[in-house]
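Per chain, numbering begins at 1; letters A, B, ... match sequence-line order. None of these values were measured; they are calculated from a predicted model.
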2 protein chains.
Amino acid sequence: MPARNHNKISNSTHHQQPLADFKVGVDNVIFSVDTAQNRLLVLLVMRQQEPFSNSWSLPGTLVRQGESLENAAYRIMAEKIKVNNLYLEQLYTFGGPHRDPREQTNSYGVRYLSVSYFALVRFEEAELIADKVAGIAWYPVKQIPQLAFDHHEIITYGHRRLKNKLEYSPVAFDVLPETFTLNDLYQLYTTVLGENFSDYSNFRARLLKLGFLSDTGIKVSRGAGRPASLYKFDEKAFAPFKDKPLVFI
Amino acid sequence: MPARNHNKISNSTHHQQPLADFKVGVDNVIFSVDTAQNRLLVLLVMRQQEPFSNSWSLPGTLVRQGESLENAAYRIMAEKIKVNNLYLEQLYTFGGPHRDPREQTNSYGVRYLSVSYFALVRFEEAELIADKVAGIAWYPVKQIPQLAFDHHEIITYGHRRLKNKLEYSPVAFDVLPETFTLNDLYQLYTTVLGENFSDYSNFRARLLKLGFLSDTGIKVSRGAGRPASLYKFDEKAFAPFKDKPLVFI
DNA sequence: CCAAAAGTGTTCTCGATACACCCATGG
DNA sequence: CCATGGGTGTATCGAGAACACTTTTGG
């Protein structure tokens, strides 16, 4: 979406075109990680209305009077899913004309603009809210079906952002249980970033050296093998790293 | 285009608030670097209308019928400034209710939302378009006056983005002359990132090793001292670095 | 000749990578 | 006792920081 070297900018000092009227939609790219199956998932809903009725799409809504963009994004979450922890941030705004088929029917009418948000939730605790008619499901990012509008593009954009966030900020801890093993953390990273982002023992060493993971001393056994220590994310110890780039990976 | 898919499950349960109607504004944070004086500059314009008449503000406009967000951003550029090269990308969308005083006068009326764009232009070639009444000027980022709306916040956000862009991508070359000395490049970096981001000789060594700067062989003298080589940015040689993070700094 | 700017080289440290190896548990 | 997963240690390589040094110009 960046534009490089646009050499010609057409000057338009001619008389004023009328302003466009907008409805503003918010669409959420909601990710979760199924660590058991090592899959990165996106939440999709089945549209019940035109346009694109019976297509899968991102959960979205139109912004209401008195409602902020962010609140609209939270409202979507609340309507689709029950979670205790989540990470949410704005992604990008898509707003060219004629991207919504509804605009063509009444060509001088209202425009539709979409502000997309990106969210990360904990898969194990996320409870989908299925009403009687509407379909709602987690889809592996590798197997996204045809989507309404340009939602595929939005997911691609969101996925890129998720990878960056994971590498540069401690979002992972917003989405892990209070205590977790280093392997849980490692699985999360490999699932999102791909198999070959780092060796486990190096990952482990790097993170422990940083000093914001505290060992609770509690051990958990998962089948065979040596029991693993449960760790906690220590917010205070992390403080010095805030705003500093490149903490992870 | 995006989707206002309101799947309203909530339709039956909650009573539906009316949707908000929006005008959509685009505001540009336009940066340039005055290498002669080592200053990072932002373009500001004096507002001629209410609200915030006679306040400095970011150059902006309202989106017209049939116009894309990006085109609106380019139109602002064209109205305020003449340049041959620029870098432009979307920044963030600010859209809380009541961020624009116009909303309060007619409280159930239209909302104002701002999609901000971030631009970088070449200071030496940028020609400001001053119409008879409107004030327009470059301000050093260190000396921004009181601004209309939440424009100060937008600039802060844009400045952060600019720093990241410089570090991780070759925006600098969009804004340097076709050929430039390594010192020109270095000055640009120090001005934006701060004095202590790197030693000159290390900066130089790192960049040359990457191999996408080609020496034209031409030398330029600037007063006393050994003449400097003019370099070119070699787009083809840069290709392998595309999408790879962390190329610079 | 000398100051100033451009450009080169050297040393040191630290982090990333790739492993090999030890430890504790369940079956 | 051995397979399995958890955890520790070590050798190597290269990138980055600091800084001394050389080269080429103008005055």
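Taking atom CG of residue B/L182 and atom P of nucleotide D/dT23, one finds them 19 Å apart after rounding to whole Å. Residue A/Q187 contributes atom CD, which lies 11 Å from atom P of D/dG5 at whole-angstrom precision. Here D/dT8 presents its C1' atom at 14 Å from CG of A/D215, a figure rounded to the nearest Å. For the pair A/D199 CG and D/dT8 P, the computed distance is 14 Å after rounding to whole Å. D/dA18 atom P lies 11 Å from atom CZ of B/R206, rounded to whole Å. Regarding A/F203, its CZ atom lies at a distance of 14 Å from the C1' atom of D/dG6, rounded to whole Å. The OH-P distance, from A/Y186 to D/dG5, rounds to 14 Å in whole Å. Following rounding to the nearest Å, A/R226 (CZ) and C/dC23 (C1') show an atom-to-atom distance of 4 Å.
Classified by interplanar angle (parallel below 30°, tilted 30° to 60°, perpendicular above 60°), the ring pair A/F233/A/F173 is parallel.
Of the candidates C/dG7, D/dA17, C/dA18, the closest approach to any side-chain atom of B/A228 belongs to C/dG7. Checking D/dC19, C/dT25, C/dA6 against the side-chain heavy atoms of A/S221 singles out C/dT25 as nearest. With C/dG7, D/dT8, C/dT17 as the candidates, the nucleotide lying closest to the side chain of B/S229 is C/dG7. Side chain of A/A224, nearest nucleotide from C/dG26, C/dA24, D/dC19: C/dG26. Considering only side-chain atoms of B/K209, the nucleotide from C/dA6, D/dA15, C/dC19 that sits closest is D/dA15. Checked against D/dG7, C/dA6, D/dT8, the side chain of A/L208 finds its nearest nucleotide in D/dT8.
B/L188 approaches B/A172 most closely through the heavy-atom pair CD2-CB, 3.4 Å.
Looking at B/K82 and B/E125, no side-chain N of the basic residue comes within less than 4.0 Å of a carboxylate O on the acidic one, giving no salt bridge. A/R75 has a carboxylate O that lies under 4.0 Å from a charged side-chain N of A/E79, or vice versa, which qualifies the two as a salt bridge.
Using a 4.0 Å heavy-atom criterion, one finds that A/R204 contacts the bases of the nucleic acid, with or without backbone contacts as well.
In terms of position along DNA chain D, the nucleotide closest to A/N202 lies nearer the 5' end than the nucleotide closest to the other residue of the pair A/N202 and B/K219. Taking for each of B/L230 and B/G225 the nucleotide of DNA chain C with the nearest heavy atom, the 5'-most of the two is the partner of B/G225.
Close to C/dG7, at under 4.0 Å from its OP1 or OP2, lies a side-chain N or O of B/Y200.
Here the options are B/H152, B/H159, B/E153, the test is side chain to side chain contact (heavy atoms under 4.5 Å, CB included), and the partner is B/T156; only B/H152 passes.
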